[in-house]
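Protein chains get the first letters and strands the later ones, always in sequence-line order, with residue 1 at the start of each. Keep in mind that what you see is a predicted model, and the values were worked out from it rather than measured.
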Amino acid sequence: DAKTTQPPSMDCAEGRAANLPCNHSTISGNEYVYWYRQIHSQGPQYIIHGLKNNETNEMASLIITEDRKSSTLILPHATLRDTAVYYCIVRATDSWGKFQFGAGTQVVVTP
Amino acid sequence: DGGITQSPKYLFRKEGQNVTLSCEQNLNHDAMYWYRQDPGQGLRLIYYSQIVNDFQKGDIAEGYSVSREKKESFPLTVTSAQKNPTAFYLCASSPGGHGTDTQYFGPGTRLTVL
């Protein structure tokens, strides 16, 4: 599975949109982009995933560039409860087993 | 109420003792996984099982053992052979083990070896 690069940390004001970048320049055509988040001392929570089209659900939007080498997770109206580590993961459709979790981005939402 | 449960939330063990962590799911998922997380680190895969009575080693299986006798249960035993067992242990499940299947995680068990 391709490697991802995320900034180690970022701050966001409550009520504003949080835009979390992820670089996956070596992504292959059969690899999906997944986003999870982990609130301190809890299990990771699935947020969203996509292959090449932009995706939206009740939690977030995922914007994937046309060349698929990077993506952005958007939390439209950040709340204090969105403070967490956010993980961007790429995973091949023919992959079995693990999700490769890196260090992620520590997002702190401030009042 | 569907989901994945792990028990206990906190576990203390004396050095040299084996300990078993519980993981149960009622999502009717075929695949289940165990990960380990150390402070400030990402998750590392210990074992996974794609179907009942079958399981495979992950990246850090040494010192651990698992069983998958029932679809809904995937217990992890941390043996005395595991040199540094203090960590946060996470169980996950997915509909299958295929790359397009999303994994859903339990709340975790924090193991401390005294």
Side-chain angles (χ1 to χ4, degrees), chain A residues 1-9 22 24 27-53 55 57-60 62 73 84-108, chain B residues 3-7 9-10 21 23 25 27 29-51 54-61 66 74 87-112:
Chain A
D1 295 334
K3 185 176 177 179
T4 62
T5 303
Q6 298 178 254
S9 64
C22 180
H24 31 80
I27 194 170
S28 301
N30 68 340
E31 288 181 316
Y32 278 77
V33 179
Y34 281 81
W35 284 85
Y36 282 80
R37 73 180 183 184
Q38 186 175 24
I39 296 169
H40 184 64
S41 293
Q42 296 183 23
Q45 178 188 22
Y46 165 76
I47 301 174
I48 200 168
H49 74 283
L51 184 62
K52 51 185 175 181
N53 296 324
E55 303 288 342
N57 63 21
E58 64 280 3
M59 288 183 68
L62 174 61
L73 179 75
V85 177
Y86 287 76
Y87 298 97
C88 170
I89 302 162
V90 293
R91 191 164 188 244
T93 56
D94 58 357
S95 173
W96 294 91
K98 68 183 176 188
F99 272 75
Q100 189 72 46
F101 283 78
T105 296
Q106 173 67 65
V107 173
V108 176
Chain B
I4 303 170
T5 57
Q6 292 184 244
S7 61
K9 187 172 178 63
Y10 298 96
L21 281 60
C23 178
Q25 54 97 2
L27 301 169
H29 286 173
D30 284 323
M32 297 186 74
Y33 312 80
W34 274 105
Y35 291 85
R36 168 185 172 137
Q37 187 174 34
D38 293 287
Q41 309 275 325
L43 280 65
R44 292 184 290 169
L45 184 69
I46 305 172
Y47 268 98
Y48 66 100
S49 167
Q50 294 175 351
I51 200 166
D54 184 56
F55 49 83
Q56 288 80 39
K57 293 181 179 180
D59 298 324
I60 55 164
V66 293
F74 190 40
F88 189 43
Y89 290 88
L90 290 154
C91 178
S93 72
S94 64
H98 195 268
T100 57
D101 285 333
T102 299
Q103 291 184 13
Y104 298 91
F105 287 80
T109 291
R110 190 167 298 280
L111 173 65
T112 302

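Considering all non-hydrogen atoms of both residues, B/Gln37 and A/Tyr87 come closest at NE2-OH, 3.4 Å. The two residues A/Ser41 and B/Arg110 have their closest heavy-atom pair at OG-NH2, 3.4 Å.
Within the model, atoms CD1 of A/Ile48 and OG1 of B/Thr102 stand 10.5 Å from one another, a figure rounded to the nearest 0.5 Å. From B/Asp101, atom CG reaches atom NE2 of A/His49 across 9.0 Å, with rounding to the nearest 0.5 Å.
The environment of A/Ile39 atom CD1 is dense: over 12 non-hydrogen atoms of other residues, nucleotides or ligands sit within 6.0 angstrom.
Within the 4.5 angstrom heavy-atom criterion, only side-chain atoms of A/Gln38, from C-beta onward, approach chain B. Heavy atoms closer than 4.5 Å to chain A are found in the side chain of B/Leu90, but not in its backbone.
Remark: the backbone N or O of B/Gln103 is not paired with any side-chain donor or acceptor of A/Tyr34 at under 3.5 angstrom.
For the salt bridge (Lys or Arg N to Asp or Glu O under 4.0 Å) test, residues two or more places apart in sequence or in another chain that qualify with B/Asp59 are A/Lys98.
Residues A/Phe101 and B/Leu45 fail the side-chain proximity criterion, which asks for heavy atoms closer than 4.5 Å.
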